[in-house]
Structure formats: structure tokens, C-alpha cells
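For reference, the structure discussed in these notes is given below.
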Amino acid sequence: MLVTVNFNVHYHNTFSMALSNPTVTLSFKCIIDSYPSKPNLLFSSSSRQKLKTSHLVLQETDYGKWRNMISFFPGFRTKDRDVGSLKQELYETIAPLDRGAETTLEDQQRVDQIARKLESVNLVKEPLKSDLLNGKWELLYTTSQSILQTQRPKYLRPNGKIYQAINVDTLRAQNIETWPFYNQATANLVPLNSRRVAVKFDFFKIANLIPIKSPGSGRGQLEITYLDEDLRISRGNRGNLFILRMVDPSYRVPI
């Protein structure tokens with residue numbers, strides 16, 4: 001009974017958190033047309049002056065159009081480049097942090113700062129309607145102590161990879177621990193809006209062998225704040241941050 005209670009509490013916290021809880025400057029070469037040094041009898045001095053004026057107006061108008069065009073497209077390139085560099089910075093920052101278990105307050109603030117920058121340029125405004133959400137994700141970083149279990153000796157923590165799978169078509173989710181515990185939990189998702197879901201657990205499995213039906217008390221919320229083809233950032237209802245990387249988009253959560 002004690003083992004069961006501890007397991008339920010652990011997965012209530014774990015799963016509820018993890019699922020809840022320009023200006024462009026270009027150099028131009030200017031080509032100035034020169035007129036013949038000898039007089040041209042077809043043009044008077046006044047008409048030649050008019051020609052020069054209209055020629056310059058045409059050049060200026062064309063330059064304005066070109067300037068508008070080149071200032072429009074780099075906006076997209078700049079945004080894409082910013083997202084790519086932010087993701088690279090995020091991965092490099094969290095790599096030595098042991099999924100969040102080896103962090104200082106400064107580390108946590110730095111990761112949160114980069115995550116918020118990515119969230120501000122998120123292009124998937126309705127992630128619960130996106131196929132990009134489907135599949136198995138690996139947990140790279142979290143602030144959730146119920147997952148990290150840093151109060152325990154290291155050999156009693158989840159030391160292997162931790163996965164989380166979501167299928168939006170069936171509104172099912174699953175948490176999967178590997179070494180050394182191999183625990184699992186599955187849940188139904190209830191959309192609250194296009195970004196946030198309520199999580200209701202229905203099934204647990206201890207050591208991937210012992211099935212336990214949920215008593216109905218395991219609940220939480222999750223808001224998906226950034227999503228693309230290989231990165232997902234989520235925030236739980238208790239303020240915890242979760243950063244996950246896609247590993248298998250074809251994976252299906254058991255019904």
C-alpha cells in the first residue's frame with residue numbers, strides 16, 4: 001500500500017507538471033550615364049536638362065521599389081536565423097545540467113530567459129490542432145522536483161531517459177520512465193483552449209509490469225508555449241518549465 005501511494009503521488013506530480021505543470025544596408029554601385037562631349041543637334045540644352053531630371057527621377061523611383069523589396073524578405077530570413085540560433089543556445093545551455101538536476105538559480109534563470117525568447121516567436125499558435133505535437137518526445141530539461149527527485153541519492157533517481165508521448169487525434173498522453181524504474185502512466189487530455197489541456201490519469205504501470213488503475217485523483221494542466229518539428233516547450237500549472245525534443249513522430253499512445 002505504501003508503494004502504491006508513493007507511486008501515485010509521484011506520477012500525479014510528474015505527469016501533471018510535465019503535461020501541465022530592419023533596416024538592411026546594402027552597398028550599391030551607382031552608374032552615372034555621361035552624355036557625349038560633342039553637341040547633339042537633336043537636343044537643345046533645355047531638353048537635355050529635362051532628360052537628366054526625368055532620368056534621375058526614374059532611378060530614384062526604381063531604387064525605392066527595390067529598397068522596399070529587399071527590406072521585406074530579409075525579415076523572414078532574420079526571424080528564421082534568430083529561431084535557429086536561439087534553439088542552438090538553448091541546447092548548449094541545458095546540455096551540462098543533467099536534465100535540470102544540476103542547476104544553480106542562475107542556470108534556471110538563463111534557461112527560462114532563452115525559453116521566453118523562443119516563446120515570443122512561436123509560429124504555431126494553436127498547437128493542439130497541429131500534427132507537430134504527435135509522437136514521442138524526450139525530456140531534456142525541467143524544473144519539476146517531482147520528476148528530478150534531487151532530494152534522493154542519485155542512484156535512486158530516474159537516471160535513464162524520460163519520454164512523454166501525445167496524440168492529439170485521440171487526446172491521449174503517456175509518460176515513460178526508463179532505467180532504473182521503467183514506470184509508465186497514461187492519461188486523457190481535455191482541451192481548455194488551443195494551447196492548454198487538463199490531464200486526467202487513467203492507468204499506471206509499475207516497472208512496466210504491474211498495472212494499476214487510477215483512482216481518479218491524478219490531475220494537472222499543461223500549456224504548450226512553443227512548438228516546431230523537433231522542439232516543444234511547455235509550462236505546467238505549478239509554474240514548472242519543460243523542454244522536450246522529438247524522437248519518434250510515428251509513436252502512438254495506447255488507447
Side-chain angles (χ1 to χ4, degrees), residues 7-21 87 90 99-100 111-112 115-116 118-148 158 161-177 183-205 211-255:
F7 176 75
N8 284 340
V9 170
H10 170 65
Y11 259 100
H12 168 250
N13 290 335
T14 299
F15 214 90
S16 64
M17 298 288 209
L19 282 178
S20 63
N21 251 317
K87 288 172 65 174
L90 180 65
R99 207 160 44 207
V111 174
D112 189 78
R116 290 186 185 280
L118 279 165
E119 290 166 341
S120 70
V121 295
N122 180 35
L123 294 179
V124 183
K125 303 303 182 183
E126 298 182 317
L128 291 175
K129 298 180 181 180
S130 173
D131 289 336
L132 293 175
L133 189 57
N134 291 323
K136 182 190 286 187
W137 300 80
E138 179 188 351
L139 181 66
L140 301 181
Y141 174 88
T142 184
T143 57
S144 171
Q145 288 303 308
S146 64
I147 293 177
L148 298 173
K161 293 183 177 182
I162 296 176
Y163 300 104
Q164 184 182 90
I166 294 179
N167 291 132
V168 292
D169 55 343
T170 58
L171 291 175
R172 294 285 289 166
Q174 181 183 26
N175 261 15
I176 305 168
E177 286 184 359
N183 295 325
Q184 296 184 24
T186 54
N188 290 314
L189 304 179
V190 181
L192 302 177
N193 55 41
S194 61
R195 291 161 48 106
R196 179 181 290 271
V197 293
V199 183
K200 297 181 179 180
F201 301 97
D202 59 2
F203 191 78
F204 300 96
K205 186 179 286 187
I212 300 174
K213 188 175 181 179
S214 171
S217 59
R219 295 169 182 263
Q221 290 187 15
L222 171 73
E223 182 173 8
I224 300 159
T225 54
Y226 179 88
L227 178 67
D228 64 23
E229 65 279 358
D230 55 29
L231 175 67
R232 171 159 64 92
I233 300 175
S234 302
R235 294 184 183 269
N237 56 307
R238 297 186 184 180
N240 283 304
L241 174 65
F242 303 89
I243 298 173
L244 304 97
R245 176 178 57 197
M246 171 59 71
V247 293
D248 184 1
S250 66
Y251 182 85
R252 303 296 299 174
V253 178
I255 297 177

**OP:** Compare every heavy atom of Pro127 with every heavy atom of Leu133, then report the nearest pair and how far apart it is.
**Re:** CD2-O, 3.7 Å

Original post:
Any idea which heavy atoms bring Ser214 and Phe204 closest together, and the distance?
Top reply: CB-CE1, 3.5 Å

**OP:** Tell me, yes or no, whether the heavy-atom count around Asp131 atom CG, taken from other residues, nucleotides or ligands under 6.0 Å, exceeds 12.
**Re:** no

Original post:
Residues two or more places apart in sequence or in another chain: which of them pass side chain to side chain contact (heavy atoms under 4.5 Å, CB included) with Ser194?
Top reply: Glu126

Subject >> Gap separating the CD atom of Glu138 from the CG atom of Asp248, nearest 0.5 angstrom >> reply: 12.0 Å

Subject >> Sidechain-backbone polar pair: Ser234 side chain, Ile224 backbone, donor-acceptor under 3.5 Å >> reply: no

Original post:
Does the side chain of Ile243 reach to within under 4.5 Å of the side chain of Val111, using non-hydrogen atoms?
Top reply: yes

**OP:** Would you give the length of the straight line joining atom CZ of Arg195 to atom CG of Asn122, rounded to the nearest 0.5 angstrom?
**Re:** 6.5 Å

Subject >> NZ on Lys205 to CD1 on Ile212, rounded to 0.5 Å >> reply: 11.5 Å

Original post:
Would you say the side chain of Leu123 lies within less than 4.5 Å of the side chain of Asp228, judging by non-hydrogen atoms?
Top reply: no

**OP:** State, yes or no, whether a side-chain contact exists between Arg99 and Leu139 at a heavy-atom distance under 4.5 Å.
**Re:** yes

Subject >> Heavy-atom side-chain contact between Met246 and Glu229 under 4.5 Å >> reply: no

Subject >> Side-chain touch Asn167/Arg252, heavy atoms, less than 4.5 angstrom >> reply: yes

Subject >> Gap between atom CG of Leu132 and atom CG of Leu227 - 0.5 Å precision >> reply: 5.0 Å

Original post:
Given side chains that start at C-beta, do those of Val199 and Leu189 come closer than 4.5 Å, heavy atoms only?
Top reply: yes

Subject >> Close side-chain approach of Leu231 to Leu118, heavy-atom, < 4.5 Å >> reply: yes

Original post:
What are the two closest heavy atoms between Thr143 and Leu241, and how far apart are they?
Top reply: OG1-N, 3.0 Å

**OP:** Report the distance from atom OH of Tyr226 to atom CZ of Arg232, rounding to the nearest 0.5 Å.
**Re:** 13.0 Å

**OP:** Check the side chains of Thr186 and Asp202 for a donor-acceptor pair under 3.5 angstrom, ignoring hydrogens and angles.
**Re:** yes

**OP:** Quick one: closest heavy-atom pair of Val197 and Pro191, and the distance?
**Re:** CG1-CA, 4.0 Å

Original post:
If you look at every heavy atom in Gln174 and Tyr251, which pair is closest and at what distance?
Top reply: OE1-OH, 2.7 Å

Original post:
What distance do Thr225 atom OG1 and Arg116 atom CZ have between them, rounded to the nearest 0.5 Å?
Top reply: 8.5 Å

